[in-house]
Number of protein chains: 2
Amino acid sequence: MFGGSKDKAGGSVLARVPKSTFRAHIADGLRAAILNGDIEPGAQLVETTLADQFGVSRGPLREAMRQLIDEGLLIAVPYTGTHVVGLSVDDVREIYSMRVTLEIFAFEQIWARRDQAFRQGLVARRDALTACIDAEDDAASIVAELQLHGFVYEATGHKLLIRTWESIRGRLQLYWAAHHRAHGIRGPRRDGHDRYVAMALSDDFDALKSEITDHMARGGRQTEDFLRGREAGAAKHA
Amino acid sequence: MFGGSKDKAGGSVLARVPKSTFRAHIADGLRAAILNGDIEPGAQLVETTLADQFGVSRGPLREAMRQLIDEGLLIAVPYTGTHVVGLSVDDVREIYSMRVTLEIFAFEQIWARRDQAFRQGLVARRDALTACIDAEDDAASIVAELQLHGFVYEATGHKLLIRTWESIRGRLQLYWAAHHRAHGIRGPRRDGHDRYVAMALSDDFDALKSEITDHMARGGRQTEDFLRGREAGAAKHA
DNA sequence: AGACAGTCGATTGTTGACAATGTGAGCCGG
DNA sequence: CCGGCTCACATTGTCAACAATCGACTGTCT
């Protein structure tokens, strides 16, 4: 997946990319594999195995895993093992309640500064999401939805807020991916996003607040029904 | 006993408590040193030096530093060096605005569940803080104030919220410590906390919201004046 | 003198080997 | 048949050495 490790295998695709460090690339690769569902929730990640797969030593791999642990995607037990987290109903509920708060805060920050670029960017991402939904491409729609919301956070320029969003985004994506694999279609949320963007561009802040609250409540509910079934087996995170 | 080998009594003040892994202890020790001001903002942290001081190898130390980087206390430049962050005016402003949002959210979560234990816990921490302020013990008052607010977050039981608070707490403490060293007394904030707790135990949620907003605005303003002077030299964080 | 290339030292990034720990299988005694 | 014990294995934790990279210094050429 990465460089042919010790150069021995010669020309791998991106053999020489010492532009930055290995750790970042490994973290990205691992995260992608987890969020993509290649590694299922609850699965154990063995350092030596992964190190071989990525063609690196355990050192950088360890640091990459530590990063994913901080992001809330992995859970490690000393001397025992590291597993992909399985989100519980409460976890998902927490994520959604947090999103309501953070996103309203984001709009507070940017409300007076919603210029043309912001409006265009928001509409463009809504259209992209709509296209994915119409095409019934769930994987793409997950990414598109994350980018729609992420655009709002980015627009605030509030570094701490963005950082916080990013710390939640992974878990949200993890949940959506699991939901999608188990349930198939994530549901026709097209209307919801249209309303969301319309409110975001309106001049009625209170209406937007309500819309965000409802938006999340809908997503959360649609969610819990599905999760309630698998309450037992999944590994809890700390 | 542990990593064996070394054991040469070299480890400085670090106690021999290998109950868990080294990494956690090193992270705690380093964080304490930074927040305590033993290591000043902008100072460079050299892995080999620190490793010797802590009596461990660079491996665990690296992971500890990576953790502090994630907490926002350090900033690393590949192949070049790692430094203690110096917070800018904007950084502090972001921290305070974020606190307003998170703390109001925390009270929303717990508002209906404020039982006797919560009320007593809050009052106890307010009294502890008051005692520190009256004794003019600034270092202790910083800790006491963090514990007062932390108690509110803990009481919510909202793991994601608590996690987010913890990711901010370090930076806040870093700033307070720097402010204290430069300015001496942090100011008589006794009345403010009395009002804060009173509102937190009242039945007027809107009044509490206003109080929190004002509380933070006061702290933030008291803050910016001081920071505006040192705008230049300090290292910015990414 | 000024600009530029090469080199050297300092620091981090990476590696492979070794030590410590937790877990489960198999064995023994009851 | 069951409960506790032993022990080997799998996995993570740690270490010391090696390699890559960056920044500054120096010496030379124009």
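Reminder, nothing fancy here: chain letters follow the sequence lines and each chain counts from 1. Values below: every heavy atom of this structure, side chains too, minus hydrogens, waters and symmetry copies.
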Visitor: Between P on dG13(C) and CD on E47(B), what's the gap in Å once rounded to a whole number?
Guide: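 The distance from CD of E47(B) to P of dG13(C) comes to 6 Å, rounded to the nearest Å.
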Visitor: dT11(C) C1' sits how many Å from I75(B) CD1, rounded?
Guide: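 My rounded result for the distance is 16 Å.
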Visitor: Could you state the CZ-C1' distance from R23(A) to dT15(C), rounded to the nearest angstrom?
Guide: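 The distance from CZ of R23(A) to C1' of dT15(C) comes to 16 Å, rounded to the nearest Å.
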Visitor: To the nearest angstrom, how far is L45(A) atom CG from dT12(D) atom P?
Guide: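 L45(A) atom CG is separated from dT12(D) atom P by 9 Å.
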Visitor: Of the nucleotides dG16(C), dG13(D), dT11(C), which has the atom closest to the S57(A) side chain?
Guide: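 Looking only at heavy atoms from C-beta outward on S57(A), the closest nucleotide is dG16(C).
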Visitor: Taking only heavy atoms on the protein side, list every residue of residues 58-68 of chain A lying under 4.0 Å from any atom of DNA chain D, sorted numerically.
Guide: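 The answer is R58(A), R62(A).
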Visitor: Which whole-number value in Å describes the distance from D52(B) CG to dT11(C) C1'?
Guide: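 In whole Å, dT11(C) C1' and D52(B) CG are 14 Å from each other.
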Visitor: Show, in sequence, the C-alpha distance, side-chain angles and deciding distance for F105(B) and H158(B), and conclude whether the ring pair (Phe, Tyr, Trp, His ring centres under 6.0 Å) test is met.
Guide: CA-CA 10 Å; F105(B) 175 61; H158(B) 195 298; 5.5 Å; yes
Visitor: For E94(A) and L160(B), indicate whether the former's side chain and the latter's backbone hold a donor-acceptor pair under 3.5 Å.
Guide: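 Yes, E94(A) side chain to L160(B) backbone: donor-acceptor pair under 3.5 Å.
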Visitor: Should L172(A) and W165(A) count as side-chain neighbours, where that means a heavy-atom distance under 4.5 Å?
Guide: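 Side-chain contact under 4.5 Å: yes.
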Visitor: Name all residues meeting the salt bridge (Lys or Arg N to Asp or Glu O under 4.0 Å) criterion together with R58(A); count only those two or more places apart in sequence or in a different chain, and write none if there are none.
Guide: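 E47(A).
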Visitor: Determine whether the aromatic ring centres of H149(B) and Y153(B) lie less than 6.0 Å apart.
Guide: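 Distance test on ring centres: not under 6.0 Å, no.
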Visitor: Return the value, rounded to whole Å, for the distance between atom CD of Q44(B) and atom P of dG23(D).
Guide: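 After rounding, the reported distance stands at 12 Å.
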Visitor: Quick one: which of dT15(C), dT11(D), dT21(C) gets closest to the side chain of Y79(A)?
Guide: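 Nearest to the side-chain atoms of Y79(A), counting from C-beta on, is dT21(C).
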Visitor: With sugar-phosphate meaning primed atoms plus P, OP1 and OP2, does L50(A) contact a base, only sugar-phosphate, or nothing at under 4.0 Å between heavy atoms?
Guide: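 If one applies the 4.0 Å heavy-atom cut-off, L50(A) turns out to touch nothing in the nucleic acid.
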Visitor: Taking the minimum atom-to-atom distance to the side chain of T80(B), which one of dT12(D), dT15(C), dC22(D) wins?
Guide: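 Ranking dT12(D), dT15(C), dC22(D) by closest atom to the T80(B) side chain puts dC22(D) first.
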Visitor: May I ask you to decide if S88(B)'s main-chain N or O and D91(B)'s side chain share a donor-acceptor pair within less than 3.5 Å?
Guide: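 Indeed, once roles are kept as given, a pair shorter than 3.5 Å links the two residues.
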Visitor: Under the criterion ring pair (Phe, Tyr, Trp, His ring centres under 6.0 Å), I'd like the reasoning laid out for F151(A) against F118(A): C-alpha separation, chi angles, the key distance, then a yes or no.
Guide: CA-CA 9 Å; F151(A) 178 75; F118(A) 173 76; 5.7 Å; yes
Visitor: Please state how far atom CD1 in I69(B) lies from atom C1' in dT12(C), giving the value in whole angstrom units.
Guide: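 So the CD1-C1' distance, I69(B) to dT12(C), works out to 11 Å.
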